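Contents: one structure, followed by commentary.
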Amino acid sequence: MAGRRSRDFRRAVRKVTGLVQPVMVRTVAALRELLGAGTGSLGFVPTMGALHEGHLELVRRSRAQNNRTVVSVFVNPSQFNNPDDLARYPRTEQADVTLLAQESVDIVFAPDAAEMYPEGFSTWVTVEGVTDVLEGVHRPGHFRGVATVVTLLLRMVQPHRAYLGEKDWQQLLVVRQLARDLHLDVEIVGVPTVRAADGLALSSRNVRLSAEARRGALVISAGIAAVQRAFASGEHHIAALEATLRNALATEPLLRTEYAVVVHATTLRTLEQISGPARVLVAAEIGGVRLIDNGPLSAE
Ligand code: PAF
C-alpha cells in the first residue's frame, strides 16, 4: 500500500516537474524493504555527496547497465585521519538530490553516522598489501575507514555492480581486493577520471580552492600528461619519468608534493623500468587543499 502511494506520488511529481525525485531513505531497514520490492539488476554508486560531473558519470554508467540504481551519500567519519578535513568536507545534500533526480536515480541512501556505526559497533575491515604505500602512509587509518564503510554499504545494498572513480586509483584497488577476499558477489566497475576543460581532475574538494590555488593545481594534471608523453615517445625508465613529473610539479611554488611516483598499476610496487601496466600517481597540497590525481602509462 505504502509502495503504491509512493509510486502514485512519484508519477504526479513527474507530470508537474518532468523530474522524479529519487526515494530518499535513511535507515538500513527502509533500504532493505525498498530493495526487496524490486527486481532486475541493481547498480550502486557510493559517494560522500558534494556531487560533481565525476560522480554523475558513475551514475550514468550504472543507469546504462542496470535496472535500478542506488546512490549512497554519507560523509564517512572513520576515513578522515584529520578532524579539520572532516569538518570542512563540503555537505550539499539538497543540491545532490536535485542532481540525482535529473539523472533519474531510483534510491538515495543517506544514513547518519549512528545508523552506520551504531552503539557497540566494533568490526573493522583491514586490507593489507596495497594499503601499505602512498595514501596508506600519508593518511594513516584512511583505508581502514574506507574498507569498512564500503563493506558495510555493499552488504546493505547488495548490488550486482558497484561503480567507483579511477581518480581514487588506490581506493579502487582496495575495494577490488576486499570484494574478492570477502566473496562479495559484486562486480567492481572502475570509471575513468572526469576532468575540467583545463585538465584539473574533478573532486569535491575543488570548491575549496582559491582562484590562485586552482590555477597552480593545474601543474598536477600537466605533470601527469608530460610523463605520459615521455612514455609514449619511448622513455621507459622510472627514474627519468619521475624526474619529468617532479620538474613539472616544481614549476608551481605554492604546491607541496606528498608523493609523485610511477609504479606498477595494480600492486603499486616500485619499478625500475616499465614492462607492463604502470600508473603515475600524485598527491599534493595547495592553498590548504589536498589533491590526488593519477593516469595510466599503458593499456591496463
Ligand atoms: O570515494 C569516496 O567518495 C569515498 O571514499 C567512498 C568510496 C564513498 C567511501 O566513503
Side-chain angles (χ1 to χ4, degrees), residues 26 28 31 43-59 61-62 69-83 85-93 95-97 99-100 105 107-117 121 124-127 130-131 134-136 138-157 159 161-179 182 184 186-194 201-208 281 283 289-294:
R26 296 200 185 269
V28 181
L31 175 70
F44 174 50
V45 181
T47 82
M48 297 206 298
L51 303 182
H52 50 66
E53 270 299 311
H55 295 111
L56 300 183
E57 199 51 40
L58 305 181
V59 169
R61 284 286 289 272
S62 174
T69 290
V70 177
V71 176
S72 64
V73 175
F74 177 61
V75 181
N76 173 36
S78 73
Q79 72 187 71
F80 286 82
N81 54 317
N82 174 347
D85 195 23
L86 172 61
R88 283 182 302 169
Y89 200 84
R91 289 162 172 84
T92 56
E93 189 177 282
D96 292 344
V97 173
L99 287 172
L100 296 175
V105 162
I107 299 171
V108 176
F109 178 46
D112 64 13
E115 184 69 12
M116 294 300 287
Y117 301 106
F121 182 92
W124 297 91
V125 179
T126 307
V127 175
V130 77
T131 62
L134 307 176
E135 293 298 288
H138 289 269
R139 302 186 68 189
H142 170 65
F143 283 128
R144 177 186 188 252
V146 169
T148 301
V149 82
V150 172
T151 304
L152 290 172
L153 288 166
L154 291 175
R155 291 291 309 135
M156 291 163 178
V157 178
R161 300 184 187 88
Y163 297 81
L164 287 112
E166 288 187 356
K167 191 190 74 72
D168 294 279
W169 180 254
Q170 194 174 3
Q171 167 174 280
L172 177 60
L173 298 178
V174 169
V175 172
R176 286 207 166 120
Q177 184 75 47
L178 75 85
L182 299 176
L184 302 180
V186 59
E187 181 190 345
I188 304 297
V189 183
V191 178
T193 302
V194 178
L202 297 193
S203 161
S204 302
R205 292 170 198 271
N206 291 355
V207 295
R208 289 176 38 217
L281 294 110
V289 183
R290 186 175 187 277
L291 300 173
I292 57 173
D293 197 357
N294 70 86

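These figures come from a predicted structure and were not determined experimentally. Remember, it's 1-based here, ligands and their atoms both numbered in the order they're listed. Positions are given from 1 along the sequence.
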(request) Report yes or no: does Asp85 contribute a side-chain atom to a donor-acceptor pair with the main-chain N or O of Phe80 at less than 3.5 Å? (result) no
(request) State whether the side chain of Asn82 and the backbone N or O of Arg139 hold a donor-acceptor pair below 3.5 Å, judged by distance alone. (result)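 Between the backbone of Arg139 and the side chain of Asn82 there is no qualifying donor-acceptor contact (under 3.5 Å).
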Tabulating one pair per line, provide the atom names and distances (0.1 Å) for every N/O atom of ligand 1 that is less than 3.5 Å from a protein N/O atom.
| residue | atom | partner | partner atom | Å |
| --- | --- | --- | --- | --- |
| ligand 1 | 1 (O) | Gln171 | NE2 | 2.8 |
| ligand 1 | 5 (O) | Gln79 | NE2 | 2.9 |
| ligand 1 | 5 (O) | Gln171 | OE1 | 2.7 |
| ligand 1 | 10 (O) | Gln79 | OE1 | 2.6 |

(request) Not counting sequence neighbours, which residues clear side-chain contact (heavy atoms from CB on, under 4.5 Å) with Asp96? List them please. (result) Leu51, Val73, Thr92
(message) So, using side-chain contact (heavy atoms from CB on, under 4.5 Å) as the criterion, who are the partners of Asp168 when residues are at least two apart?
(response) Gln171, Ile292
(request) Just jot down the side chain to side chain donor-acceptor pair (under 3.5 Å) partners of Gln170, sequence neighbours excluded, or say none. (result)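 None.
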(request) Tell me, with the steps shown, if Glu166 and Arg61 meet salt bridge (Lys or Arg N to Asp or Glu O under 4.0 Å). (result) CA-CA 13 Å; Glu166 288 187 356; Arg61 284 286 289 272; over 6 Å; no
